[in-house]
Structure formats: structure tokens, C-alpha cells
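Structure first, commentary second.
Quick note: residue numbers are just sequence positions, from 1. Read the numbers this way: they start at 1 and go in the same order the structure lists the ligands and their atoms.
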Amino acid sequence: MKRTLLTLLTALFILPALADEGMWLPSLISSRIDDMRAKGFRLTAEDIYSVNQASMKDAVVLFNGGCTGELISPEGLLLTNHHCGYGAIQRHSTVEHDYLTDGFWAMSRAEELPNEKLWVRFLVRMEEVTDRIAAGETADEIVKKAEAEGPGYKAAVEQMYYGNQQFLFVYEQFDDVRLVAAPPSSIGKFGGDTDNWIWPRHTGDFSMFRVYASKDNKPAAYSPQNVPYRPKKHFAISTKGVKEGDFTMIYGFPGNTQEYILSDAVAYIAERSDPAKIAIRTGRLDIISKAQESDPALRIFYAARHASIANAWKKWQGEVLGIKRRGTVASKRAYEEAFDAWAQDKLRYRNVVAQLKAEYARIADPYFAREITLETLGALPIKYSAKERAEAVFAHRKATERALYSLQFGEYARRCPAQFQIPEFLDGVARYGSPEAFAEEIFTQVWNGSDTTATTALRSGTKRMLDHITWLTGTKSLRNLNSKRLNELYTTYIKGLREWDAERAFYPDANLTLRVAYGTVAGYEYADGEYHKPQTTLDGIIAKDNPEIYDYDIPQTLRDRYASKEYGRWAATIGGHKTVPVCFLATNHTTGGNSGSPVLNASGELIGINFDRTWRSTMSDVAFDPSICRNIAVDIRYVLFVVDRIGGAGYLLKEMKLK
Ligand code: ARG
Ligand code: ASP
């Protein structure tokens, strides 16, 4: 019964764990190594992760808690994305030295720029501690012991498989990380928000840093006496290029996926939560874009804010499209129904699906209220600092900020389920006549920094309501492991699934711990009869180049190189003519946090830097569909071309191992 049903389901819905789905724990990669080698990988599990010898993990870092980076020289040189280094580049930028616009190239070690509060972490080791915790040791005790092992050591105990297993991760953290190189935004952010999440793509999304250490190669706070860190391992770089079908592997720190959540939660995302959040952000972006178009000072001022609001806004739209188009809710439902049928004569599992469903029904409204609150009232500035007030652009912002207040108060009033609306908000609306009139009152207080009585009351009301909702739902996310009830049910559910669907290769959801994903360079069928090739080139950049449009106005030097075809060793013949490769697509399972991750070939050599996914494939955070899910990488040859031929920093190539 079970087999036939499963076979049928597999044929109908393409169940997970086929193809290149998965983000695997490096210490357990030996369970995947046969499959990897069958797909072309030429190295061993020990090459990927080892505690006895230098291995690839020693060349990968968690970059400042949200991105990945990789070491590419014996002298601590590190690559990540431009959008990961953006904050650091911005903080060094002034009107006289606008590194965001013009790029930055340190021409010697002395010119490398230190950064406060920028750190990287190497994984020293990871080990399962499920038994230690079962025997009564607490996670805190385990962490404390590990952190005492060495200078700069950080540790964390993380749950895998929804609480079925616990792993200890021990890291070495370096806090002296200096900016070495960044291309101009017209390369590093080419295409801006228009091209974001889109293929074909032409963004040179990279920046370079250098890790510094004490003289004995240990973590140390910034000091002019520090010296370049000598990593145990760094990646060699392949300049031989990639082609469709080639093996690729990504080693990095994916942040958050929820691959095993119930169909009810997927339906909530695609039908309720994403559409509401998208609509609210559309309103916010309209207001901000209008301001940007009307005033050059505001265009710059709102650039980072616009980019961050637009990033998730666009991702959610793609996610909804992907989930709908692929019928993910129905296929997940069929899958859990089949499990539930199997579970009926098993005491431990027979009620778990029903209980999970009941739990989602119970928390749906308050959880939605929390999301709406955070997207509206919670996303407004509650004060303007003295520094901000002194800025030349401050007065220009007034109409925009006021419009945002008005919009977000209105959206909150309309969308937040009535029983979870904040009493102080309802009072204000009653007193001033409408959400917009109340918004005007609060905005005036906040803007002037004058009498803040009503603002203070609203703020404490907001906090109280959010605390209440968290208590009521017991969770801050749909798969949250801090939610006692949801978590206990999921622990049982996942255990049951693994027993029932024994042939499926389960991998733990992403939780910002180090993972390996592997696949191949591949295009995909974008629409009926419309195949998207997996590679883009400089010719595509030139085709998009437009001095009139900010996001497509490339540097003159790039136009000049194209005109003279001076590509040096970075040239390749693609589509029958000489050009420079720019970006490529592959089937690796990635998510936010994988930005900056090394993309490696079958020999473990660097061929690109991961930075994005295609639009509709962002559904891979809840279900990986091999027919459409693709990650986007910048080709390492484009990175080197820009360093060498645009930045004139070719001296940096000398410390790399180019193959
Ligand atoms: N979509 C990519 C990721 O989620 C890149 C975002 C940065 N780029 C931008 N144009 N906003 O983070
Ligand atoms: N752009 C994402 C990041 O910054 C990667 C992704 O979501 O695919 O990590």
C-alpha cells in the first residue's frame, strides 16, 4: 500500500529529495559523497570537512552574521558580494570619496580600510550533542566549555530536524577585517532593483576584504600591528570557465528555510501573508520612488531603504507565483494525507497532522496581526536623531515621511484583525476621527520631537500587544523552534515522516549553519518554448547600457574595453564570438545568507560567487522544485576582469592561485 501510493504521488507531484535539492551538514557529507561523485565531483568527504587536516571548510566564513565569504589567498584575502560589503563601503564613502559610486581599490596593504563591527567566523568544528543534552547537560554549559577552548572562540548549539537532533558549532571569530576592493555600483549593483531576482542577469556583485590577525595568527581586535591572517586553506581559482551540465558545489551559510512545514502554513504564506505584505510595501515603495524621482538628494538618501524594502517585496511576489504555478499547496497536502493514512494505526503519530492543523488554525489570526503590525506601525521611524536633523536633506524628507505615516496607519487599521488591534491605536483613531488624522498627530510629534505623550502611549501599547501575541501563539515564526507547542508537534511529525518515507533524503532546514549544496550549471524553461540559457556575457551589459537610466549607466572604462576588445586572459568564446562571461545559473539549493558563497567546480576550485536566485524559484524556501529553482552566480572571470582591467588592481592577482 505504502509503496504504490508513494510511487503514484511521486509521479504526480515530483516529490522533494529528487535532483539537486538539499543543504547538507558538512560533517555528515560522507552520506552524500557517492551521489556527488556520480554527478562529477572528484574530491572526498575529508576534502570538504575534516578536523584532522586543512579542508575546504577552513576557507569559508560567515561574513558579519548575514552573508558568506571565502578566502582566496594565503594572506587572508577574502571575496564576498558587493551587497554584503555595501554597509562597509557606504560607511567609508563621503562626497569627496564616493566609493559606492566610483568604486574603491586599495593599491597597497597600507591603503586597506579598517571597519568597526565587521567580523568573520571560521568553523573550527561541529559535533552532535543530542546525547549530552539528553543526559542533562544544558546547551549553555556546552557552549561555555567550547568558548573557553581558544581566543576568539564562539559557540552555539543548534537544533536540526525540528528538535530531533542538536549540534554544537564552534567558531573562531576575527574582528579586524579591512576593505580591499569594491567595483563602482554601476558594476557591483548593475541593474539595481529592476534586475534584482531576475535572469538574465549582468551584476558584478563582488567586493574584497582582508582578514587580519595577531602576529601569532590568532584573532585580535584592530591594531596597526596586526598582520594578514594565514588561513589553513584557501581556494584556488579556475579560469577555465563553466558550461551547461558542469558539476557545481556551494559551501556557505544559508539562513532560513522551512521545507517541512504543513500545507496549511504554505497556504498561509502564499494566500494571506505574502499578498498583504506585498500590497503594503507597494504603497511604501510608490511614495519613496516618487520622492526619489523628484529630488536628487532624496534619490541618494532613500537608496538603501528602497533597496531593502524592494528586495523582500519582489521575492515574495516570485514566491507566490512559484507556489501557485507548481501547485505546492496541493502536493504538500497530498503528501501529508498519505503520511496521515499510514500513521492511523501508530499511537505516536496518528494525531500529529490533525494537531498541527489545529495549531495553525489557532494561531493564524494573531500571527497575521503580528506580521501586519511589524510591516506597518513597526516599520515607521519613532524618532529622528539630532544627527539626522542636522543633515542637509532632512527638511526635504518631511512630505515623504508624513505620507508614509499616513499610509501605514491606514493599512494597519484596515488589515490587522480587529481583536488584535492595539487599544491605544483604537483610542487615537476615535479621538482624531480617522487613522490618517491620528497618523498626522503622531507624525507631528515625532517630526518635531516636541510633546511625545501620544507617541509614547502608542509605542508601549504596540509592545504590549506584540508580547501578548507572542505569548498567545508561542511563536515568532511558522516553524519556530522556540514555540513549545509547534516545536513539539514538529519534532514528532518529522520523526514520523522519516520513518514513513525512509527513502527520502532528509536534510535539516537552513538555520545559518554551514552547509553544502551541489548541482549543475543549467538553464531552464522560463515559459512554453522559451528556454533561458545559463550564461550571460559582456555583450548583454552593453545591450542594457543606458546613460539615461541610473541603474544601467556603466563606467566609461567598461565601454572602452568593449570597444577595443581588450579582455586579456579573461576573454572566452561564447555563442561563437569573443566576449567576457558575466553570470551563470546552476541548480544549487540556496537561500538568503548564501550570498557571497563560493561556487566550486568538480575539483573544488572557485568558479564564481553566489548572489541571488531567479524570481519564481524563491519558492525553494518552502519547496525546492528542480524544474525551476536556480541560483545565480557571478562568473569569477568577470570578477578578475573587473579587478584587473577596470580597477587597475591587477597586483592582487599575484597572491591568488589561478588555474
Ligand atoms: N536578491 C539578492 C538577495 O536577496 C540581492 C539583494 C541586493 N540587491 C538589490 N538590488 N537590492 O539578497
Ligand atoms: N541574495 C540572497 C542573499 O543575500 C541570496 C538568496 O536569497 O538567494 O543571501
### Task
Please state which part of F611 comes within less than 4.0 Å of ligand 1, counting heavy atoms only: side chain, backbone, both or neither.
backbone
### Query
Step by step, would you call H306 with D193 a side chain to side chain donor-acceptor pair (under 3.5 Å)?
CA-CA 9 Å; H306 188 283; D193 287 331; 3.1 Å; yes
### Query
Does the N or O separation between S595 and ligand 1 drop below 3.5 Å for any pair?
no
### Neighbour count >12 (heavy atoms, 6.0 Å) for atom CZ, R325
no
### Query
Is the number of heavy atoms from other residues, nucleotides or ligands under 6.0 Å of K533 NZ greater than 12?
no
### Query
Which of the atoms in ligand 2, numbered in the order shown and given with their element, are less than 4.0 Å from a heavy-atom of G593?
3 (C), 9 (O)
### Message
How far is atom 8 (N) of ligand 1 from the closest protein heavy atom, and which atom is that?
### Response
N196 OD1, 3.9 Å
### Message
Given 3.5 Å as the limit, does a donor-acceptor pair link the side chain of Y251 with the main chain of I48, or not?
### Response
yes
### Message
Would F611 count as being in polar contact with ligand 2, using the rule that some N or O on each side must be under 3.5 angstrom apart?
### Response
yes
### Message
So if I count the atoms of ligand 2 from 1 in the order they appear, which ones are less than 4.0 Å from some heavy atom of W197?
### Response
7 (O)
### Message
What protein heavy atom lies closest to atom 8 (O) of ligand 2? Include the residue and the distance to one decimal.
### Response
R613 NE, 2.8 Å
### Message
Tell me whether D286 is salt-bridged to R284, with the criterion being a basic N under 4.0 Å from an acidic carboxylate O.
### Response
no
### Task
Note the single closest protein heavy atom to atom 2 (C) of ligand 1, along with its residue, its atom name and the distance in Å.
D612 OD1, 3.1 Å
### Message
At less than 4.0 angstrom from any non-hydrogen atom of G192, what atoms of ligand 1 do you find?
### Response
10 (N)
### Message
What I want to check is whether the side chains of D509 and T257 have a donor and an acceptor closer together than 3.5 Å.
### Response
yes
## Note on the structure
In this structure, atom 3 (C) of ligand 1 is nearest to the protein heavy atom N311 ND2, 3.8 Å
### For N594, the ligand 2 atoms whose distance to one of its heavy atoms is below 4.0 Å
9 (O)
### Message
Considering non-hydrogen atoms of the protein only, which is the closest contact for atom 11 (N) of ligand 1, and what is the distance?
### Response
D193 OD1, 3.1 Å
### Message
With a 4.0 Å cut-off on heavy atoms, is G592 in contact with ligand 1?
### Response
no
### Message
Ring centres under 6.0 Å, that's the criterion: do F206 and Y638 meet it?
### Response
no
### Query
What part of T591, side chain, backbone, both or neither, has a heavy atom within less than 4.0 angstrom of ligand 2?
backbone
### Residues E371 and K277 bridged, charged N to O under 4.0 Å
yes
### Message
Does this structure show an ion pair linking D274 with R281, if we count only N-O contacts that are shorter than 4.0 Å?
### Response
no
### Query
Between N610 and ligand 2, which residue portion shows a heavy-atom distance shorter than 4.0 Å: side chain, backbone, both, or neither?
neither
### Query
Is there at least one pair of N or O atoms, one from K189 and one from ligand 1, spaced under 3.5 Å apart?
no
### Query
Should we say atom CD of E116 is surrounded by more than 12 heavy atoms from elsewhere, each under 6.0 Å from it?
no
#### Entry: Sub-3.5 Å N/O-N/O distance, C67 and ligand 2
no
### Query
At what distance is the nearest protein heavy atom to atom 4 (O) of ligand 2, and which residue and atom is it?
S595 OG, 2.5 Å
### Within reach of ligand 2, part of H83 (heavy-atom separation under 4.0 Å)
side chain
### Task
Using only heavy-atom distances, determine whether the side chains of D205 and H82 contain a donor-acceptor pair under 3.5 Å.
no
### Cationic N near anionic O, under 4.0 Å, R616 to D625
no
